[in-house]
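What follows is a set of notes on a single structure, which appears directly below.
Just so it is clear: chains get the letters A, B, ... in the order the sequence lines come, proteins before strands, and each one is counted from 1.
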Amino acid sequence: MPAYSKALTRNVFFQKNFKMSKYHFNEIEAKWQKYWAENQTFKAASPDPSKGGENLKPKYYVLDMFPYPSGAGLHVGHPLGYIASDVYARFKRHQGFNVLHPMGYDSFGLPAEQYAIQTGQHPAETTKVNIEGGVDNRGEEIQGYRKQLDKIGFSFDWSREVRTSNPEYYKWTQWIFIQLFESWYCKHANKAFHISELIDVFESEGNDNVEAICDDNVEVFTAQQWRDFSETKKQEILLKYRLTYLAETEVNWCPQLGTVLANDEIVNGVSERGGYPVVRKKMKQWSMRITAYAQRLLDGLDTIDWPQPLKDSQTNWIGRSKGATVKFRIQNSEFRIPVFTTRPDTIFGVSFMVLAPEHELVSQITTEEQKEAVEKYVEATAKRSERERMADVKTITGVFTGAYAEHPFSGEAIPIWIGDYVLAGYGTGAVMSVPCGDQRDYEFAKHFNLPIPNIFKGADISEEAYSDKENTIITNSDFLNDLNYAEATEKIIAALEEKGVGEGKINYRLRDAVFSRQRYWGEPFPIYYKDGMPHAIPTECLPLRLPEVEKYLPTEEGEPPLGRADVWAWDTEKSTVVSNDLIDNKTVFPLELNTMPGWAGSSWYFFRFMEAAKRDEVFASKEGLDYWQNVDLYIGGSEHATGHLLYSRFWVKFMHDRGLVPVEEPFKKLINQGMILGESAFVYKAIPTLLSPTKGIQDLSFLKTQIFASACFVKNEQFCETCNEQHKLAADFINNELEQLNLVDEVPYIIEFRFFPIHVDIELVNLSNHLNVEKFKKWRPEYNNAQFISEYGGIVKVIREVEKMSKSKYNVVNPDDICNQYGADTLRMYEMFLGPLEQAKPWSTAGISGVHGFLKKLWKLYHSGENENFYVSEEAASKEALKTLHKTIKKVAEDIENFSFNTSVSSFMIAVNELTAQKCNSRKVLEPFIILISPYAPHIAEELWAKLGHSYSISKAPFPKFEEKFLVESTKEYPISFNGKMRFTLELPLDFSKDEIESAVMAHEKTAHYLEGRTPKKVIIVPGKIVNIVG
RNA sequence: GCUCGAGUGGCGGAAUUGGUAGACGCGCUGGAUUCAAAAUCCAGUUCUUUCGGGAGUGUGGGUUCGAUUCCCACCUCGAGUACCA
């Protein structure tokens, strides 16, 4: 084609495409996003204390679990929940609510710190770039979360943004920490109080009558003794009562990395990063006394509307079990070993005891003869990680300590063993073993040849333990004989209490939460140390800012990174942070070196959003807290089930106890959005082997030749039987290289191939699964000379598999690209259209065209004028159009309330198809209709709304009112079934009686046909629904 | 192992209290328009069939005039949790 012709074509093409009436989503979306930002359209109104808060509409608080701003940016899976909550927030605005719909960032955390260690860049800087965009120090351009979010058209109130790593925010995280530090939990009142109230009690009557949740080793003292205690001693005692306290805790310590590792950071007993050994070690750590709230956290679940699986996992995590503690005396010793059991009724079946290897009494009760074996065992188990121990349930190990306990009722001697099936962290770290009733005890007894006395009437315990509770009758058990489980349990608990050797007890699996991290990028504790005791810095001095350090690694002495700070001491006189050189332990003291964990900042952020104005003076103002209360709708992933969602509930209950907030639960309704999965692409890579009579089998994977085959040639990791030609071609590639290397034998040999699927970037694959061979060669240097076994036309097909979306799997779809190509409205609608919100579903870019086409059709519906110009008529709407409109209003309103967003997208499509077919152009229909769509596709809705002549945002328009009268029908298309099978339909007036219907149906020619001469036994008629003829 | 959830066309999924199974969309097939392509529009699309019909919502049974929906047993997949005494 000559050059001028090409130019001409392009010009014509250009004009055609830029007709005024076309749906230019990029322009429209940019325009309205700018409008919303400039007009602060979605700013939530705050209560005005001078007007008593009555100036406001009813409130509605919609919140998303805030993101950690990673450098990788968003993929299409991330916004799913945000879109759903945005649709809901916009819908609630249309319904006349004052909606709070904020967004922020959980910006403290490990990835930023790891990146800082690698690059030396301050985590605050990388975090800022990740949020606001910019260029990182590798020269890579980063879009930034904010720009990515803005592009999708969310109705967030950005004036209330929070970032947990901002000092103005973590000031209040530290403040709440101090409140916890200065609180204790009264069992009697079942709530937390200020520590000063406890001190008052100590001063007037000592601690004998204090019922508190505290450490279990608290000594009893009188008021006089308390007053005589030194200041340090007093602090030591108070620490045992504080809701956040320092304690020796078993942790996974990695000496080479110089830090504590979480269980999931350890693989096979070595650190996931670097493969260094991990030992379990006791370390002094900050802990949160969340166990004080175990029962209330359980009870509260009944008051909130959360998915059942989520409630279940919290219930399991808290792990309430009812039973008894029994103290066993140790023979020839003063020691008593308490155990917890859920089956005190089986106490006469005890034939041995087992302690956790870490149990504190192990070293003290072990006899001389057993000492060596016990020590060896304890050391061996300490080397194994918690996870390793858990994973290896099959192997039964243990050692006899040589000591004996005494049965509290029979007085019999009970051998005491140690074994790692008993966990130090649960109950008392010791069990009374009843092998006839507990499978683990049974197996332990079998393995070590210990006796298995049977205390169950008629139970067969020759093969396994009898653990049934319901049908149990106790026998061989002294005064418990012939009782069932419930009776025996009641009787034995009474007997234990009477004898003073035990009591009924409710035990929780939930542990106090370790709150210290040996990390830099977290909130510093507002704590300094005086005589080894922690003291809080005055709250008016907050925030205690993170100090500068020259490296983000632990110190050579193994202290956390804050140990590298030179200016990290607290001057109590000047109330300020000063240089470490000035530490004199009189007025200047060292500050805490640990930082808080990730969940600190996220446990209260939902209250921060309630405050817009006085953020320096209060964590949230009383008016704000009273007006907004708690989150009405919270949307996020289920992975936070036992972390964030449990800790937040704990903090809120605590804050409620102390009168800081009016509510006891943070999130009234919660929805877990399902994951959007990626469609990974794999290409088959051939690994050659040589078979020769002289050398046998020889691996050829060292060769440089890289061969990839189209998926159709591969079956069961090999060339399929019919692919001789392809096999020969591949073998030739290998032979070429062998010849060049002079490795070719004289003897005949065969080259075989095995295929392995390897990930390829989905960018290199089109929608028909064809690999772009040229781009693939450039993708990796080692593929530059890749050879392909391709189909006709050079096609190399990949296979697809649904996997989690992640950078390492090269299957990430970026929402920015979708917005550029199809628009944010299409992205929003498509994500909602994919399927139910809670379900996991694969992303398929191919399917997006349907939704995009729908929006084009919608646009066309409003552009039915000449030259496809905008046109609506002021004439009355047709009956059909009104019916379509009102049926859609009804459906969409119900769908949104049920969070069934996918079905409302379908009903929009149906409505547009119907209105288009009806050639509807009436304002009476098209104006309310666009309001229905606006929560889903707000940009196109604003544009059409403006074209309809409105000068205010569509988000302020009231939701259309559903009117039943437009749906009333006079006839019904009755389905006529024979024996439950629908055969044909028959249109009949709705006011027909049963008899009239029956005679009409029986008179119909098709009825006779389907009856085939039989006489109907029965005719079921449900007026307005169905006719079923039986016979 | 335990707890929870889910099984419906080639694919994502719909069917709100038991009442026309497969809405809507993708894909596919055919057609219109076009020099051609894109875009758009129209028709068809669960399987099977001797074109009458027959079968059909993981499997087997049950309740019912009627079951994707309710009950029982089982199978498969997914998620969480894991020696919790």
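Nucleotide B:G9 carries a syn base; the chi torsion (O4'-C1'-N9-C4 or O4'-C1'-N1-C2) is within 90° of 0. Base orientation of B:G52: syn (glycosidic angle within 90° of 0).
Checking A:Asn1028 against A:Lys1018 by side-chain atom types alone, no donor-acceptor pair falls below 3.5 Å. Side-chain contact of A:Tyr421 with A:Asp441: a donor-acceptor pair under 3.5 Å is present, judged by distance alone. When only modelled atom types and interatomic distance are considered, A:Asn898 and A:Glu894 share no side-chain donor-acceptor pair under 3.5 Å. Side chains of A:Tyr377 and A:Thr397: a donor-acceptor N/O pair is present below 3.5 angstrom, by distance only.
Rounded to whole Å, atom P of B:A85 lies 20 Å from atom CD1 of A:Ile414. In this structure, the CD atom of A:Glu868 is 16 Å from the P atom of B:A39, given to the nearest Å. Remark: P of B:A79 and CE of A:Met675 are 8 Å apart, rounded to the nearest angstrom. A:Glu894 places its CD atom 16 Å from the P atom of B:A14, with the value rounded to the nearest Å.
Both distances falling under 3.5 Å, in either a Watson-Crick or a G-U wobble arrangement, place B:G80 opposite B:C2. A 3.5 Å limit on both hydrogen-bonding distances identifies B:G58 as the Watson-Crick or G-U partner of B:C74.
Taking side-chain N and O atoms only, A:Ser321 has a distance below 4.0 Å to OP1 or OP2 of B:A85.
Residue A:Asn898 is the one, among A:Asn898 and A:Ser907, whose nearest nucleotide of RNA chain B lies closer to the 5' end (criterion: closest heavy atom). Each of A:Asp441 and A:Met982 was assigned the nucleotide of RNA chain B with the nearest heavy atom; the assignment lying further toward the 5' end belongs to A:Met982.
Between the side chain of A:Lys981 and the base of B:U20, no donor-acceptor pair under 3.5 Å is found.
Nucleotides B:G60 and B:C75 have their P atoms positioned 15 Å apart, rounded to a whole Å. When the C1' atom is compared between B:G22 and B:U46, the two are found 7 Å apart, to the nearest whole Å. Separating the C1' atom of B:U63 from that of B:G44 is a span of 40 Å, rounded to the nearest Å.
Ion pairing between a basic and an acidic side chain is recognised when a charged N comes within 4.0 Å of a carboxylate O; A:Lys883 and A:Glu914 show no such pairing.
Nucleic acid contact class of A:Thr985 (heavy atoms, under 4.0 Å, all strands): base.
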